[in-house]
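Structure, as C-alpha cells:
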Amino acid sequence: MAAKYPHHEIEPKWQKFWDENKTFKVYNHSEKPKYYILDMFPYPSGAGLHVGHPEGYTATDILARYKRMQGFNVLHPMGWDAFGLPAEQYAIQTGVHPSLKTAENIATFKRQIKSLGFSYDWDREINTTDEKYYRWTQWIFLKLFEKGLAYEAEVAVNWCEELGTVLANEEVIDGKSERGGFPVVRKPMRQWMLKITAYADRLLDDLELVDWPDSIKEMQRNWIGRSEGARVRFAIPGIGDSVTVFTTRPDTLWGATYMVLAPEHPLVSRLTADEYSGVVKGYQDRAGRKSELDRTDLAKEKSGVFTGSYAVNPVNGKEIPIWISDYVLMSYGTGAIMAVPAHDQRDYEFAKLFELPIVEVVSGGDIKQAAFIEIESGIMINSTTPDGSFTINGLKPSIAIRNTIEWLGSNGFGEATIQYKLRDWLFSRQRYWGEPIPILHHEDGSVIPLNDSDLPLTLPVLDQIKPSGTGESPLVNAREWMQVVDLQSGMVYRRESNTMPQWAGSCWYYLRFLDPENSKQGWDPEIEKYWMPVDLYIGGAEHAVLHLLYARFWHKVLYDLGYVSTKEPFKRLINQGLILGEDGEKMSKSRGNVINPDDVVNVYGADTLRLYEMFLGPLERSKPWNTSGIEGIYRFLNRVWRNFVDETGQITRLSDSEPDLGLMREIHAAIKKVTDDMENISFNTAISQLMILNNYFRNMDLIPKSAMEIFVLLLAPFAPHLAEELWSKLEYMHSIAYEPWPKYSEEYLVKNDYEMAIQVNGKLRDTITVTNDASRDQILALAKSSEKVAKYVSGKAILKEIFIPQKLINIVVKS
RNA sequence: GCCGUGGUGGCGGAAUUGGUAGACGCGCUGGAUUUAGGAUCCAGUCUCCUACGGAGGUGCAGGUUCGAUUCCUGUCCGCGGCACCA
C-alpha cells in the first residue's frame, strides 16, 4: 500500500511556521542587492479567487523564492484594489455598506491566497479603501491639480433618466440600462479630467527604456496614436468664420470635394441653412442617442446630411459643400475633416452613396474601382494653384506633403501639427465607493483645493446608498458632509461630489508597498531610491493599455516633482495568459466551467496546484485546464515523497556516499536547466527537468544525501511546503527559504563521447557514438563504414561532405 | 477591416544560434502485483505501407539551403484587442 504524501498536514504546518517566524518579512535596508517583484493586486470580488489568479501569483512566488535563495533582498507584497462598482451595486441592492462587503471579500481572498503558500510579506498589506492609503491618493490628486494637470470640463456621459444615475459603459447594453432595460442617452456633465495628453510624447518615447514584450509596447504606441499631419483652415463665407480640419494628407487638398463635421461640432447650428435645419436637427438627435460604441460599431453603412453651407478650399478657391456625419468623431482631431474621396476609403464610400464628386489627384490607382491610398508609389497630378504660382504635380506624395504644409504656412492657411489618438483621462465618477476628490466649490464658481492638513477627506457614512436622481454621486445625499462653512470668514463651500475611478488607487500602489506604515509621507524618498524601480511586474494582459499607461503617467508626474527617482515604474513586465475552462472556453459562471482553487487545494494540495498551473505551458500563453493533467503532477509529487520517505514517515534510502559520475551528470544537468529556465521564466520545462531527475532517483537503491539535498533545493521555489518538509526530514532545523541556490560545474556536463547523426542527402540513416578526441577524418571513416549508410552511398559519387562538429554528418551523393 | 498573437501526435506541450521533430506529462494499449477494484510498478504508443525494412510528417502552397518547426513569399484558420482615428 503506497501512502499518499500528507499534504493536509504538511501545508498548514509550514504556512503556520512561515507566519509565526515571519520568514518573509523584508527590511528596507540590507547589504544584499534588492529585487522588487510585484503582482498586479486583485480586486477582491464576491466570487472569490479563480484559478487564473494563482497563475500569476505562483510565477512571481517562484521567482521571489528563487531570488531569495540567490541572495537578493526580495520585496514581494500583496494588497487589495478594493474600490469599485460591484460593491456599490451590491449596497444599492441589499443595503449592506460597501466597506462591510469589501472587508468580507478581502478576508476570503486573503484566506485563499494564504492557502497557496505564497511568500508575501503580509506586514506590508495595503488596501486602497483604507483612509490611511487613500489619504495619499488624494494627496497625489492635489499635486496634479497644482501642476495644472487636473481640470473640469463638460463631457458626455451615459445618463439614464429612469434610474436617475450615470452608468458605466459596461452597464449599458444596446443603448439600454443593464438594470431595468431603461433608455440611456449621452448627456454632457461637469467632469474632472487629467491632462495625460501633456505626457503623450514621453509616454511614447520612454517605452524605449523598459524591458516589456514588444507586443505590449506596440499596443501602447497604437493607443497613444501619434500621427503627423497638418491643420488646414477652410473659410466659410456664409457665416464669416472658418473651420479647421486635421489631415495627414495635405497633399490631397486639391481632391477635397466636400467637408464633413461631427454632428455635435459647435459650428453646425450656425452654418445650417434654414431650409436644412429640420433634417440637420433630426440627424443630430439620432446621433446623440447612440453611444459612441454604437456610432462606430453599428454604422457599417454611411449616413449623413447636407447643411446647406459651403466652405472654400484654400488651394483652389473652390466652394465645397459641408455635410455632417457620425463617421466623424468630435473626440478626435478637430471634429471636422476635408473629404478626399479619391484617396480615402471612408470618404470614397460616403461620396459614392451621396453622389459627390471624386477628383483624382494622385495617379497610380483606378479610382473608378476604389480609393487609391498608396503614399509611396503614386505621383501627384491636378495639383496647382489657380494662379500657377505653386504646384506639387509630378512629386511623390511624401514630398508633396512637406511642400504643401510649407505653402499653407506661408499663406496663412494652416500649419504642421501632431495629433494624438490618446485623449485626456476622464477621471471623475458619479459614485459613492471611491476616493472623494479633495476639492471645494465656492458659490462664485471658484475651485479651491483642500490643504494637505485636511486630508484624508473621508467618505461620509450613509445609512443608505441610493442614487441622487440628478446624476450627481450619492454623496450629495450627505447634506452635512457636502456643506463646508469657513468659521473665520463665514464663507460657504460645497464639496466636490464626484469620486475617483478605480484606476486611481492602482496608479501608485507599488510605491506605498515600499513604506506602507508611513503617516508623514506617501513613501520615504530614501526607501524609494533603494527599492525602485519594480524589477518584475506580472499580471493579466487585459491591463496592457489602460492601467499601465495611467500608472506610467502618474509616475512621470511624480518624477517631475522629484518624489520618485526613476522615469519608469516597471522595468520588466510579463503578461500571463488566460487559463481557460476544460472546454477551451473562457471560464465563466454562465458556462459552468469554473474551477475553484479551494477544491483543488483540498483534494491535491497547494503544491500540486502551483506546479500544475506552471506545468500547463508557457506563462504568457492561454491554455485550457485539464483535470486529468493535474493527476500527473500529483503523482509526481507523490513519487518524490516516496523516493525520500518510507511508510513510517522516516527518511529512507539515504546514503552517505558521494554520487557517482553518472548521477553527478544528472544533477548538474538539472541545476543548469532549472537555473536557465528560471531566468527565462520557462517553468514548464524546469518542472519536466525535475521529473527527469526524480525518475533517475527511482531506479537507484540508495540515494546520496547531497543528491537529495540538491533536488529539494531545486524543488523548493515550486513546491515550497513539500520542500520544507523534506528539508526538515534531512535534519535541518531552519527554513529552506534562504538556503543558497545550487550551482553547477561544467566539468560534470562534459562527456567523453557523444552521439552523431549521419545523414545521406539530408535524411537520417544512422547514428554513431564517437569519442571526444576523434578527428573529422576518423568520424567520416566510421560513418561510411556503417552498413546502413553504405547502402545509400556505395557506387555513387560523393558531391559533398557536411561536417557539423558534435552534431551531424551529411553525405551528399549524386542520385 | 486593422493591429497583435498563435497553428507541432488522441490532449497540454518540448526542440536557446537552420543540424537526429515529438522531451516531460496526460490519455490509451499490454503486462506485473491484488480475491477484486483503486493505487503502484514495468513495457509500448506520430501516421501509413507489402512492416527484421521503408515512405511520409510541424495549418496549406511555394522558395532559399547539403539540411527548414526554425529564414523568405503567398494563403487559410483559431484567439485577444481596437474599431470609420482623418
Side-chain angles (χ1 to χ4, degrees), chain A residues 1-4 213-219 221-223 225 227 229 245-249 252 260 292-293 295-297 299-300 302 325-329 331-340 343-347 349-350 419-423 541-542 544-545 575 577-578 580 582 584 586 611-612 615-618 620-633 635-636 638-639 642 676-677 680 682 684-692 695 698 755-767 788 791 799-813:
Chain A
M1 189 64 169
K4 295 272 183 214
D214 288 336
S215 56
I216 301 294
K217 288 189 186 183
E218 196 57 29
M219 283 164 88
R221 283 191 197 104
N222 292 343
W223 191 269
S227 71
V245 304
F246 172 71
T247 179
T248 54
R249 295 292 304 272
T252 62
V260 187
E292 191 154 328
L293 220 104
R295 270 179 63 171
T296 51
D297 195 35
K300 300 279 184 232
K302 294 277 179 292
S325 171
D326 62 9
Y327 84 91
V328 174
L329 305 175
S331 55
Y332 182 75
T334 61
I337 63 158
M338 63 177 213
V340 184
H343 305 291
D344 182 283
Q345 186 57 40
R346 295 150 301 182
D347 298 344
E349 287 168 26
F350 192 85
Q419 187 65 48
Y420 297 94
K421 224 162 95 178
L422 183 70
R423 304 172 196 171
E542 66 270 26
V545 179
N575 285 115
L578 232 55
L580 306 169
E582 289 204 80
K586 207 168 162 173
L611 236 67
Y612 177 62
F615 189 64
L616 265 177
E620 301 89 333
R621 283 245 275 274
S622 290
K623 52 244 159 182
W625 183 269
N626 180 307
T627 297
S628 56
I630 199 168
E631 298 268 359
I633 289 292
R635 261 176 249 169
F636 163 62
N638 273 300
R639 280 197 283 261
R642 284 196 303 273
D676 290 350
D677 284 347
N680 298 325
S682 175
N684 53 332
T685 49
I687 293 165
S688 66
Q689 192 64 41
L690 290 172
M691 289 174 170
I692 290 168
N695 289 345
R698 277 204 288 170
E755 205 178 54
M756 273 193 96
I758 304 161
Q759 298 180 341
V760 179
N761 288 349
K763 293 198 176 186
L764 182 72
R765 293 306 174 187
D766 200 4
T767 56
K788 293 176 185 170
K791 206 167 127 184
L799 299 176
K800 213 173 188 180
E801 286 163 345
I802 313 284
F803 182 86
I804 309 294
Q806 311 274 325
K807 295 238 161 100
L808 62 68
I809 294 165
N810 188 8
I811 302 169
V812 183
V813 298

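Each chain gets a letter, A, B and so on, in the order the sequences are listed, and its residues count up from 1.
If you take atom P in B/G53 and the same atom in B/G7, they sit 35 Å apart, rounded to whole Å. Using P as the reference atom, B/A55 and B/A68 are 15 Å apart when rounded to the nearest Å. Rounded to whole Å, the separation between the C1' atoms of B/G12 and B/G81 comes to 25 Å. The P atoms of B/G54 and B/A61 are separated by 26 Å, rounded to the nearest whole Å. Nucleotides B/A43 and B/C26 are separated by 14 Å at their P atoms, to the nearest Å. Nucleotides B/G10 and B/G22 have their P atoms positioned 16 Å apart, rounded to a whole Å. Distance noted for atom P between B/A23 and B/C77: 32 Å (whole Å). For the P atom pair drawn from B/A39 and B/C28, the interatomic distance equals 10 Å after rounding to whole Å.
Projected onto RNA chain B by closest heavy-atom contact, A/Lys788 and A/Thr248 fall at different nucleotides, the more 5' of which corresponds to A/Lys788. Looking at which nucleotide of RNA chain B each of A/Asn222 and A/Phe246 is closest to, the 5′-most match is held by A/Asn222.
Between A/Asp344 and A/Phe350, the closest side-chain pair of non-hydrogen atoms is not below 4.5 Å. The shortest distance between side-chain heavy atoms of A/Tyr612 and A/Asn626 falls below 4.5 Å.
Rounding to whole angstrom units, CG of residue A/Leu580 and P of B/G6 are separated by 16 Å. B/C66 atom P lies 11 Å from atom CG of A/Asn761, rounded to whole Å. Atom CG in A/Asp214 sits roughly 17 Å away from atom C1' in B/G81 (whole-Å rounding). When the P atom of B/C79 is taken as reference, atom CZ of A/Arg621 falls 16 Å away, rounded to whole Å. When the P atom of B/C2 is taken as reference, atom CE of A/Met219 falls 18 Å away, rounded to whole Å. Taking atom CD of residue A/Glu620 and atom P of nucleotide B/G81, one finds them 18 Å apart after rounding to whole Å. Across the protein-nucleic acid pair, A/Trp223 atom CH2 and B/C3 atom C1' stand 13 Å apart, rounded to whole Å. Spacing between atom NZ of A/Lys421 and atom P of B/C3 amounts to 12 Å, rounded to whole angstrom units.
Across all strands, A/Lys791 comes closer than 4.0 Å only to sugar-phosphate atoms, never to a base (heavy-atom distances). Nucleic acid contact class of A/Arg765 (heavy atoms, under 4.0 Å, all strands): sugar-phosphate only.
The shortest non-hydrogen separation linking A/Trp223 to A/Lys421 is O-CB, 3.6 Å. When all heavy atoms of A/Asp326 and A/Leu329 are compared, the closest pair comes out as O-CD2, 4.1 Å. Of all heavy-atom pairs between A/Thr248 and A/Ser227, the closest is CG2-OG, 4.1 Å.
Residue A/Arg642 places at least one side-chain N or O under 4.0 Å from the OP1 or OP2 atom of B/C41. Note on A/Lys800: a side-chain N or O is less than 4.0 Å away from OP1 or OP2 of B/C66. OP1 or OP2 of B/C66 has not a single side-chain nitrogen or oxygen of A/Lys763 nearer than 4.0 Å.
When each of A/Ile809, A/Val760, A/Ile758 is paired with A/Arg765, the side chain to side chain contact (heavy atoms under 4.5 Å, CB included) condition holds for A/Val760 and for no other.
Taking a pair as Watson-Crick or G-U with both hydrogen-bonding distances under 3.5 Å, the stems of three or more pairs touching RNA chain B are B:1-7 with B:76-82, B:10-12 with B:24-26, B:27-32 with B:40-45, B:46-49 with B:53-56, B:59-63 with B:71-75.
The main-chain N or O of A/Val340 is found under 3.5 Å from a side-chain atom of A/Asp347 such that the two form a donor-acceptor pair. Of the possible donor and acceptor atoms, none in the side chain of A/Lys788 sits under 3.5 Å from a partner among the backbone N and O of A/Thr767. In terms of modelled atom types and a separation under 3.5 Å, the side chain of A/Asn810 and the main chain of A/Gly762 share a donor-acceptor contact.
A syn orientation is assigned to B/G9, its glycosidic angle lying within 90° of 0.
In this structure, CG on A/Leu578 lies 14.0 Å from CZ on A/Arg621, to the nearest 0.5 angstrom.
Side-chain contact, A/Asn638 with A/Arg635: no donor N or O sits under 3.5 Å from an acceptor N or O.
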Its contact letters, B for base, S for sugar-phosphate only and - for none at protein heavy atoms under 4.0 Å, make nucleotides 19-28 of chain B read BB--BBSSS-
